[in-house]
Each structure stands twice: as structure tokens, then as C-alpha cells.
Enquirer: 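Quick one: the structure is below, questions incoming.
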Amino acid sequence: MSLLVQTLSIRERQSILDAIECIEAGALQISFVVADDMRLLGVVTNGDVRRHLLQGGRTDEQVTACMNEEFRSVQIGVPREDLLKAFDLGHNALPGLDEHGRLVEVYTRQMAASAEVPVLARARAPVRMSFCGGGADLTYFFIDHSAAVLSCTVGLYAHATLIPRDDGRISIFAEDLKREEHYSSLAELLAAGEKSLLATIIAVIKPKYGFDLYLRSDFPVGSGLGGSSAATTATIAVFNELRQDRWNTYEIAELAFQAERLCFGIAGGWQDQYASAFGGFNLIEFENQRNLVHPIRLEDSIRNELESCLVLCDTGISHDSGRLHQLQREEIEAELSQTELLSASVTLCRRMHHFLIRGELRAFGTCLDEAWQLKKRFSSAISDGRLDDIYAAALAAGACGGKLLGAGGGGFFLFYVQPQHRQRVVDAVGALGCQTQNFRFESSGVTSWRTKIQ
């Protein structure tokens with residue numbers, strides 16, 4: 001029961017004089033007559049009292065003698081919009097009743113804004129599709145050489161949900177890995193020896209409150225789509241949603257790189273975090289001083305045609321990108337000619353950028369084949385007999401070119417196929433046990449929002 005209800009309500013056995021005193025004590029010039037169980041029986045105003053006295057009534061009579069039983073009331077929790085409309089029609093105060101007709105609240109024109117309620121935060125981050133330049137985004141290469149990567153994001157996401165707790169406990173639920181982690185406090189998490197990727201991200205952020213964190217993905221583990229970076233980016237963004245001093249998009253990408261590459265120790269480059277954070281088509285340049293993301297504005301016709309001509313093919317083979325990147329690094333350090341291969345990949349990347357923005361998509365698709373042939377030379381672990389068979393079958397069925405996404409060794413192939421040949425390519429790779437995946441380009445990067453806890 002609110003303070004206003006206590007101040008403005010009187011019992012049915014009280015007198016009209018009591019009602020007058022109640023009315024005069026409040027600025028609303030009204031009193032509510034209630035039964036002992038707080039059911040609202042009637043309303044009394046100065047006008048009701050005046051009319052009763054003019055008709056010969058007395059002030060020592062029970063208040064029920066002059067109360068108005070034809071009153072306007074609303075259900076407790078009514079939308080603010082309905083209240084505002086009632087006040088705009090001339091009402092100064094409205095009794096709020098529960099389902100049993102009991103007086104619970106008195107709404108006024110000066111009613112307070114809704115009290116804050118607990119909220120949860122959500123975020124989603126898209127995965128990336130890298131066309132060319134992968135490998136050049138490794139620090140040990142671009143620290144001394146010009147580097148660029150051409151990529152886009154697609155509508156497959158890592159989804160994070162953060163529910164703050166009143167205590168300091170931390171619970172982490174990784175749906176795809178079917179793994180749960182529970183810590184009594186942040187200090188216990190920080191002191192833990194072997195941490196998961198999600199726990200490592202939390203150790204970097206160091207939130208000052210307890211929470212439940214849930215993560216799920218639209219894509220399989222080891223897909224070659226930069227899934228771990230999307231998961232990291234979504235997790236950082238969901239904490240960012242509850243910050244007052246929010247990180248910008250570059251800072252989110254950099255924190256994701258820090259957590260995933262430096263603290264958790266997954267070997268790899270920088271492109272995945274930037275792609276997932278910024279979203280859309282981008283030419284990302286890497287250099288010693290700074291990394292720059294250059295958004296690419298494509299005409300709708302070019303974007304739509306490219307989407308129609310790309311086929312995403314799941315080989316069904318999971319890969320370990322960290323191990324592959326580490327092996328690639330060792331082979332590059334052992335053979336200087338690998339540096340030349342990466343430089344050639346960067347040159348090809350800029351050619352593909354030119355073809356893409358001009359809508360010369362068949363040339364772009366043919367360049368995917370060049371990118372794949374270069375990529376296979378980076379490391380002996382990038383392809384094998386089965387992957388070569390899948391690629392050869394797709395080209396024989398009509399694909400102009402394609403490449404394995406990610407570090408290699410498995411995951412998804414991306415093929416450029418004219419629509420009239422699409423079904424033949426789908427059937428050819430399907431005969432080898434591969435599934436094609438529908439997708440749409442995603443123009444937005446990581447997105448976060450908050451909502452009330454229902």
C-alpha cells in the first residue's frame with residue numbers, strides 16, 4: 001500500500017467530518033472510502049459533502065451517506081498512456097485497484113516516472129567471410145610489410161545474454177560446447193588456472209558485479225567463419241551494453257583480440273575481430289602504426305548479384321585454426337619465400353577489391369581460385385586429398401572459383417557459381433557428403449541492447 005493511499009483513505013464507519021479533515025489535509029481534495037479489507041466503496045470530494053449538507057445531512061453521519069459510488073478507477077499496472085488520456089479528460093486522481101477491487105495505488109498528474117526494474121543485456125555478432133588476404137593480418141608479417149584483407153559478414157551470429165545478479169557469483173553457460181562454469185566471485189575466476197575462452201574474456205573485462213552469462217551460435221565449431229572471434233566480440237559487447245563509459249567499435253575489436261589471441265592463446269590474425277565488430281563489406285589494412293577498417297559501399301545490384309552467385313559449402317570437417325596458424329608461422333619463418341606468397345596475396349586482395357566495387361563479379365570469382373591456389377602454398381596442412389576432391393568436383397560442375405574459409409584444414413568452402421550452374425554444383429558436393437548453407441550478407445556489425453527482465 002502506497003503512502004498516498006494511507007493518507008487519502010478512510011474506513012466506511014468513519015464520519016463525514018473525518019472525510020472533510022482527510023480531504024483538507026491533501027492537495028488533491030479527495031478521499032477514498034474503503035472497507036476493512038481495502039475494497040474501494042466510494043469517493044468523497046468537497047462537492048459531495050456540500051450537496052449532502054445542503055440537503056439536511058449532518059457531519060456526524062457515516063461517510064457512506066455522502067460518498068459517490070459512481071467513480072472512475074483503473075486496474076493496477078495500467079499503461080501510462082491510458083492514465084495520461086484520463087488525466088487529459090479532466091481527472092486529477094485515479095484509484096488503482098487490484099483484481100479484487102482493493103485500493104492499492106492512487107495515480108495523479110504528478111505521478112513519478114516508472115521505477116527502475118532489473119534489466120538484462122543481449123548482443124549478437126556476425127561471422128565473417130574472408131575473400132582474400134588471410135595470413136597477411138598476422139602481426140609478424142604486417143609489422144614489416146603492407147597488408148590488407150577483403151571480407152564481409154553474413155547473417156550467422158554468436159548470441160550472448162548477460163543477466164546481472166545481486167550477489168557476486170558468476171555462472172557461464174556455453175550452449176554449443178555443452179559446458180557450464182561456476183565461480184563464487186570474480187577473485188575465484190581470476191585465480192583459476194585453466195580458463196575457458198569465456199572465462200578469459202571476463203578476466204580481461206573484470207566486471208564489478210555477479211552475473212549469469214549465456215552464449216550460443218548459429219554455426220558449427222571449427223567452421224572457418226571466425227566463430228570464436230564472433231563469440232568473443234558478442235561477449236564483450238554484452239558487457240559494454242551495461243557500461244556508462246562505453247567502448248567504441250575499434251576498442252571492442254582490440255579487446256576481443258587481446259582476450260582471444262594474447263590471453264587465451266589462440267594463434268591467429270586480427271581480421272576476424274574487426275570484421276565481426278564492424279560488419280558489412282570492408283577492406284581492412286594492417287600496418288605497424290595502426291589498423292584501419294575501410295567500409296565498402298556496394299551498389300544494391302552488385303551486392304544482390306554477388307549474394308546470388310556465392311555458395312557456402314560445409315565440408316563436415318572441423319579444423320583447429322590456432323594449430324594451423326602456428327604451423328603456418330613456423331613454415332613462414334623457416335622459408336623466406338612464404339613472405340613473398342603473403343605479399344602476392346595482398347596484391348591479389350587489392351585486385352579483388354577493384355573488381356568488387358566495379359561489379360566485375362566474374363573476374364572476382366576467378367580471383368577466388370587464385371586466392372585458393374596461393375593459400376594452399378602457405379602450409380602443407382591447409383588442404384588434403386578429400387578437400388581437393390571437393391574443390392575439383394565443384395569446378396567441374398560449373399563453379400568459376402572458390403576457396404576454403406578460415407585457416408584451412410576443414411570448415412566451409414566458398415564457391416563463386418553462376419546461378420544457372422548452382423544446382424549442379426550443389427549436387428556435386430552433396431555427392432561427396434557436403435551440405436550447402438544458405439546465407440545473407442549482414443551489413444551491421446556487433447549489436448547490443450538491453451531489456452527488462454520479465
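Along the sequence shown, residues are numbered consecutively beginning with 1.
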Enquirer: Indicate the ring-plane relationship of Trp270 and Phe142, choosing parallel, tilted or perpendicular according to the 30° and 60° boundaries.
Expert: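 Aromatic pair Trp270/Phe142 classed perpendicular.
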
Enquirer: Answer whether the closest heavy-atom distance between the side chains of Ile236 and Ile201 falls below 4.5 Å.
Expert: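 Yes - at least one pair of side-chain heavy atoms lies under 4.5 Å apart.
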
Enquirer: When the ring centroid of Phe412 is compared with that of Phe219, is the distance short of 6.0 Å?
Expert: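 Centroid separation for Phe412 and Phe219: 6.0 Å or greater.
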
Enquirer: Does Arg358 have more than 12 heavy atoms from other residues, nucleotides or ligands lying within 6.0 Å of its CZ?
Expert: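 Count not over threshold, so no.
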
Enquirer: Flag the pair His354 / Phe364 as yes when their ring centroid distance falls below 6.0 Å, and as no otherwise.
Expert: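 Not close enough - the centres of the two rings lie 6.0 Å or further apart.
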
Enquirer: For Asn291 and Tyr274, test the side chains for any donor-to-acceptor distance below 3.5 angstrom and give the result as yes or no.
Expert: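 There is such a pair (donor and acceptor under 3.5 Å, judged by atom type) between the side chains of Asn291 and Tyr274.
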
Enquirer: Are Phe87 and Tyr107 an aromatic pair, judged by ring center distance below 6.0 Å?
Expert: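 Between Tyr107 and Phe87, the centre distance exceeds or equals 6.0 Å.
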
Enquirer: When you compare the side chain of Val127 with that of Val154, does any pair of heavy atoms fall below 4.5 Å?
Expert: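 Val154 reaches Val127 side chain to side chain.
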
Enquirer: Within the 4.5 Å heavy-atom criterion, are Arg362 and Gln418 side-chain neighbours or not?
Expert: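 Contact flag for Arg362/Gln418 side chains = yes.
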
Enquirer: Glu254 versus Trp247: any side-chain heavy-atom pair under 4.5 Å?
Expert: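 Heavy-atom side-chain distance check fails, nothing below 4.5 Å.
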
Enquirer: Step through the shown structure and confirm whether more than 12 heavy atoms of other residues, nucleotides or ligands are within 6.0 Å of CZ on Arg39.
Expert: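 Open: at most 12 neighbouring heavy atoms sit under 6.0 Å from CZ of Arg39.
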
Enquirer: For Val34, does its backbone N or O pair with a side-chain atom of Arg102 as donor and acceptor, under 3.5 Å?
Expert: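 No; zero donor-acceptor contacts below 3.5 Å.
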
Enquirer: Quick one: CE on Met352 to OG1 on Thr347, what's the gap to the nearest 0.5 Å?
Expert: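 One gets 13.0 Å once the value is rounded to the nearest 0.5 Å.
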
Enquirer: Can you tell me how far the CG atom of Leu414 sits from the CE atom of Met129, to the nearest 0.5 Å?
Expert: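 Leu414 atom CG to Met129 atom CE measures 5.0 Å (nearest 0.5 Å).
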
Enquirer: Would you please test Val429 and Phe415 for side-chain contact (heavy atoms from CB on, under 4.5 Å) and show each step?
Expert: CA-CA 11 Å; Val429 297; Phe415 295 112; 4.2 Å; yes

Enquirer: Is it true that Arg290 and Glu285 make a salt bridge, defined as a side-chain N closer than 4.0 Å to a carboxylate O?
Expert: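 Salt bridge flag = no for Glu285 with Arg290.
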
Enquirer: Are Arg303 and Glu307 ion-paired here, with the side-chain N under 4.0 Å from a carboxylate O?
Expert: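 Between Glu307 and Arg303 there is no salt bridge, as every charged N stays at least 4.0 Å from the carboxylate O atoms.
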
Enquirer: Check step by step if side-chain contact (heavy atoms from CB on, under 4.5 Å) holds for Arg350 and Leu283.
Expert: CA-CA 9 Å; Arg350 297 192 183 280; Leu283 179 70; 4.0 Å; yes

Enquirer: So with a 6.0 Å cut-off around CG of Asp166, is the heavy-atom count from everything else above 12?
Expert: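 Not more than 12 within 6.0 Å, no.
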
Enquirer: Verify the distance criterion only: is there a donor paired with an acceptor across the side chains of Glu442 and Thr153 at less than 3.5 Å?
Expert: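 Thr153 and Glu442 do not have a side-chain donor-acceptor pair below 3.5 Å.
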
Enquirer: Indicate whether the side chain of Thr447 and that of Arg124 have a donor and an acceptor atom separated by less than 3.5 Å.
Expert: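 Judged by distance alone, the side chains do not pair up.
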
Enquirer: Report yes or no: do Arg422 and Thr436 form a side-chain donor-acceptor pair below 3.5 Å?
Expert: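 Per modelled atom types, Arg422 and Thr436 side chains form no pair under 3.5 Å.
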
Enquirer: Determine whether Ile382 and Leu387 make a side-chain contact, defined as any pair of heavy atoms from C-beta on separated by less than 4.5 Å.
Expert: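 With C-beta onward as the side chain, the pair stays apart.
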
Enquirer: Please check if the number of heavy atoms outside Asn288 that lie under 6.0 Å from its CG is greater than 12.
Expert: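 Above 12, so yes.
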
Enquirer: Does the side-chain contact (heavy atoms from CB on, under 4.5 Å) test come out yes or no for His182 and Ile170, once each step is laid out?
Expert: CA-CA 6 Å; His182 302 277; Ile170 294 174; over 6 Å; no

Enquirer: State, without any angle test, whether Ser229 and Glu260 hold a side-chain donor-acceptor pair at a distance under 3.5 Å.
Expert: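 Yes, because at least one side-chain N or O of Ser229 sits under 3.5 Å from a partner of the opposite role on Glu260.
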
Enquirer: Judged by atom type as modelled, is there a donor-acceptor pair below 3.5 Å linking the side chain of Tyr214 to the main-chain atoms of Ile163?
Expert: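 Side chain of Tyr214 to backbone of Ile163: no pair is present.
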
Enquirer: Taking everything shown except Gln75 itself, do over 12 heavy atoms lie less than 6.0 Å from its CD?
Expert: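 Atom CD in Gln75 is packed in, count exceeds 12.
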
Enquirer: Charged N to carboxylate O under 4.0 angstrom, Asp212 versus Arg165?
Expert: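 A salt bridge is present here (some side-chain N lies under 4.0 Å from a carboxylate O).
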
Enquirer: Answer yes or no: are there more than 12 heavy-atom neighbours, outside Glu299 itself, under 6.0 Å from its atom CD?
Expert: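 No.
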
Enquirer: If you count heavy atoms of other groups shown closer than 6.0 angstrom to CD of Glu81, is the number above 12?
Expert: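 Not more than 12 within 6.0 Å, no.
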
Enquirer: Enter the distance from Leu103:CG to Ser73:OG here, rounded to the nearest 0.5 Å.
Expert: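 Rounded to the nearest 0.5 Å, the CG-OG separation comes to 9.5 Å.
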
Enquirer: Check Asp167 with Arg169, please: is the shortest side-chain N to carboxylate O separation under 4.0 Å?
Expert: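 Here Arg169 does not pair with Asp167 in a salt bridge, since their nearest N and O are not under 4.0 Å apart.
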
Enquirer: Quick one: do Trp372 and Leu368 satisfy side-chain contact (heavy atoms from CB on, under 4.5 Å)? Show the steps, please.
Expert: CA-CA 6 Å; Trp372 175 232; Leu368 285 176; over 6 Å; no

Enquirer: Any non-hydrogen side-chain atom of Ile202 less than 4.5 Å from a side-chain atom of Pro207?
Expert: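 Contact flag for Ile202/Pro207 side chains = yes.
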
Enquirer: Please round to the nearest 0.5 Å and tell me the distance separating atom SG of Cys434 and atom CD1 of Ile317.
Expert: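 Separation between the atoms: 7.0 Å.
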
Enquirer: Nearest 0.5 Å, what's the CG-NZ distance between Asp82 and Lys85?
Expert: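 Rounded to the nearest 0.5 Å, the CG-NZ separation comes to 6.0 Å.
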
Enquirer: Can you classify the ring geometry of Phe413 versus Tyr391 as parallel (below 30°), tilted (30 to 60°) or perpendicular (above 60°)?
Expert: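 Phe413 and Tyr391: tilted rings.
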
